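All values reported here derive from a predicted model rather than from experimental measurement.
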Amino acid sequence: MALLLLFLIFFLSQISSFLGTPTEHDESQTRLIFEGWLNTHSKSYNSSSEKEERFKIFKENLRFINEHNAGNHSFRVGLNVFADLTNEEYRRTYLGFQLPLAEVMKGLKESNRYRFNGTEKLPRSIDWRDKNAVVPVKNQGNCNSCWAFSVVAATEGIYKIVKGKLISLSEQELVDCYNMGCQRGYTHLAFEFIIQIGGIDSENDYPYKGRYSFCDTSKVKKKVVSIDGYQFVPRDENSLKKAVANQPVSVAIEAFGPDFQLYTSGVYDGVCGTNLDHAVTAIGYGTDNGEDYWLVKNSWGANWGEKGYVRIKRNTNSPYGKCGIAMFPTYPIKKRHHVGEDNSFEVEINTEGTRASA
């Protein structure tokens, strides 16, 4: 009965948040909401002092949620899986994209393949999930490996489009063998790594652990899926739209804000710029009640956002799009008549990783 009461209070708090009702909770109500949230997300702490500290953070996040949702916004925030984290903790743990140095950025060549020329007739909307080119949302855990999930999702997508088979691929192989741990990473160099070693193993064979392990060279030799190259989309929203109309695309965004941390639904139009810190995958676009959006797959599990996805405002006045989404889009290339993923050939692998610099 007590557990049912906790769930009821937590549910009512979420409903009032969704309706945009300015809600004031006293201490006892907030504690009940916290207990309901703990049960919903199967959370526990090592000590009563840690629990009390997390409650204080939770209470501040709840206040922020109530204030935001009482305003006139195109998106909602709520008590998602990150509700007991400070914004600094969230940023330190979950935002793992590394933007190349300025001089490297200047040398990156944009491909003309998806350059928008104004005459293309692109679909009004697309969702690659409808075409079975997107595996279910994954969870990077407490590891700065978003870059690996972004690259893998784009690779899974193009392989399905070209070869007709959707295979969940191994982020752990990239964490172990390219990046040497849960460090910030470069998406374009992760694509480069897959090309250099001749392919990537499946998630089933080389499963994700959420931490660094020594590179398993026996798994690396199993090149289940290969790509033939990667290219950079011209840095504007129209070209990105053309690219996403053809395949899922690895993109980077600025995601440090508390409203992104606590995002639950709607078309995100929060405060963000172009200090790119998080890698995700653009898997579609569309319009909802007059609001144009990018459909973006995240890697924080299904208890964040819209079951693991976020819709980010599209067609903005920013030259690189909302949150810089069109600033560093990269896509893998897969030829239709490639020699094959089943070829067995030896590639020299550094078992301690091949962390590259840029």
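Summarising the geometry of Asp176 relative to Phe214, their closest heavy-atom pair is OD2-O, 3.9 Å, with the distance given to 0.1 Å. In this structure, Leu276 and Gly324 approach most closely via the heavy-atom pair CD2-O, 3.7 Å. Across every non-hydrogen atom of Ser145 and Val175, the tightest pair is CB-CG2, 3.9 Å. Across Ser74 and Asp269, no two heavy atoms sit closer than the pair OG-CB, 3.6 Å. Of all heavy-atom pairs spanning Glu171 and Glu203, the tightest one is OE1-OE1, 3.0 Å. Closest of all the heavy-atom pairs between Thr287 and Arg314 is OG1-NH2, 3.8 Å.
Using a 3.5 Å distance cut-off with no hydrogens or angles, the side chains of Glu306 and Ser265 do not pair a donor with an acceptor. A donor-acceptor contact under 3.5 angstrom links the side chains of Tyr45 and Asp84, judged on distance only. No hydrogens or angles considered: nothing links the side chains of Asn204 and Ser202 as a donor-acceptor pair under 3.5 Å. With hydrogens and angles left out, the side-chain atoms of Ser168 and Lys138 include a donor and acceptor closer than 3.5 Å. Judged purely by distance below 3.5 Å, without hydrogens or angles, the side chains of Asn66 and Arg63 never pair a donor atom with an acceptor atom.
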Side chain to side chain donor-acceptor pair (under 3.5 Å) between Gln231 and Ser111, worked out: CA-CA 6 Å; Gln231 293 180 337; Ser111 167; 2.8 Å; yes
Pair Ser47-Ser49, side chain to side chain donor-acceptor pair (under 3.5 Å): steps then yes or no: CA-CA 5 Å; Ser47 66; Ser49 61; 3.0 Å; yes
Steps toward side chain to side chain donor-acceptor pair (under 3.5 Å) verdict (Tyr114, Gln247): CA-CA 11 Å; Tyr114 292 136; Gln247 64 183 99; 2.9 Å; yes
Steps toward side chain to side chain donor-acceptor pair (under 3.5 Å) verdict (Asn298, His278): CA-CA 9 Å; Asn298 207 344; His278 186 47; 2.8 Å; yes
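For the side-chain contact (heavy atoms from CB on, under 4.5 Å) with Val251, the qualifying choice from Ile312, Thr330, Leu240 is Leu240, the only one to do so.
Atom OH of Tyr331 sits about 5.0 Å away from atom CD1 of Ile333, to the nearest 0.5 Å. Note that the CD1 atom of Ile194 and the CD1 atom of Ile227 stand 5.0 Å from one another [nearest 0.5 Å]. Separating the NZ atom in Lys56 from the NZ atom in Lys59 is a distance of 8.0 Å, to the nearest 0.5 Å. From Asn61, atom CG reaches atom CG of Asn80 across 9.0 Å, with rounding to the nearest 0.5 Å. Residue Ile200 holds its CD1 atom at 4.0 Å from CG of Leu174, rounded to the nearest 0.5 Å. Note that CG of Asn142 is 6.0 Å distant from OG1 of Thr93, once rounded to the nearest 0.5 Å.
For Trp304 and Phe260, the gap between ring centers is short of 6.0 Å. Not less than 6.0 angstrom separates the ring centroid of Tyr309 from the ring centroid of Trp300. Tyr208 and Phe149 have their aromatic ring centers within a separation under 6.0 angstrom. Aromatic pair Phe328/Phe232: centroids less than 6.0 angstrom apart.
Relative to the six-membered ring of Phe58, Arg31 misses at least one condition, a distance below 6.0 Å or an angle of at most 45° to the axis.
Between the side chain of Tyr94 and the backbone N or O of Phe82, no donor-acceptor pair lies under 3.5 Å. For the pair Asp288 (side chain) and Glu291 (backbone), a donor-acceptor distance under 3.5 Å is absent. Under the 3.5 Å distance criterion, the side-chain polar atoms of Gln98 are left unmatched by any main-chain donor or acceptor of Tyr186. A donor-acceptor distance shorter than 3.5 angstrom exists from the side chain of Asp228 to the backbone of Lys335, with no hydrogens or angles considered. With Tyr263 contributing its side chain and Gly266 its backbone, the two residues share a donor-acceptor pair below 3.5 Å. Within the 3.5 Å criterion, the main-chain N or O of His73 finds no donor-acceptor partner in the side chain of His68. Thr187 places no side-chain N or O within 3.5 Å of a backbone atom of Val151 that could act as its donor or acceptor partner. At distances below 3.5 Å, not a single donor-acceptor pair connects side-chain atoms of Thr281 with backbone N or O atoms of Ile283. Between the side chain of Arg211 and the backbone N or O of Cys182, no donor-acceptor pair lies under 3.5 Å. With hydrogens and angles ignored, the 3.5 Å screen pairs a side-chain donor or acceptor of Gln29 with a backbone N or O of Asp26.
Using a 4.0 Å cut-off between charged side-chain N and carboxylate O, Arg92 and Glu88 make a salt bridge. A salt bridge links Arg54 with Glu89: the closest approach of a Lys/Arg side-chain nitrogen to an acidic carboxylate oxygen falls below 4.0 angstrom. The pair Lys219-Glu173 does not count as a salt bridge, with every side-chain nitrogen at least 4.0 angstrom from each carboxylate oxygen. Salt bridge Lys222/Asp205: present, at least one basic N to carboxylate O contact under 4.0 Å.
Both Leu108 and Phe97 sit in one connected hydrophobic cluster of ILVMFWY residues. Membership requires side-chain heavy atoms under 4.5 Å apart, directly or through other members. Linking ILVMFWY residues whenever their side-chain heavy atoms come closer than 4.5 Å, directly or via other members, places Leu295 and Ile161 in the same cluster. One hydrophobic cluster holds both Trp294 and Leu122 under the rule that ILVMFWY side chains link at heavy-atom gaps under 4.5 Å. Cluster annotation: Phe116 is connected to Ile126 through the hydrophobic network of ILVMFWY side chains, with a link wherever side-chain heavy atoms come within less than 4.5 Å.
Between Asn139 and Ser299 there is no side-chain heavy-atom pair separated by less than 4.5 Å.
Within 6.0 Å of atom CG in Asn289, 12 or fewer heavy atoms from other residues, nucleotides or ligands are found, so the atom counts as exposed in its surroundings. Few gaps surround NZ on Lys43; more than 12 heavy atoms of other groups in view lie less than 6.0 Å from it.
Listed by first and then second residue, the salt bridge (Lys or Arg N to Asp or Glu O under 4.0 Å) pairs that reach into residues 237-251 are Glu120-Lys242, sequence neighbours excluded.
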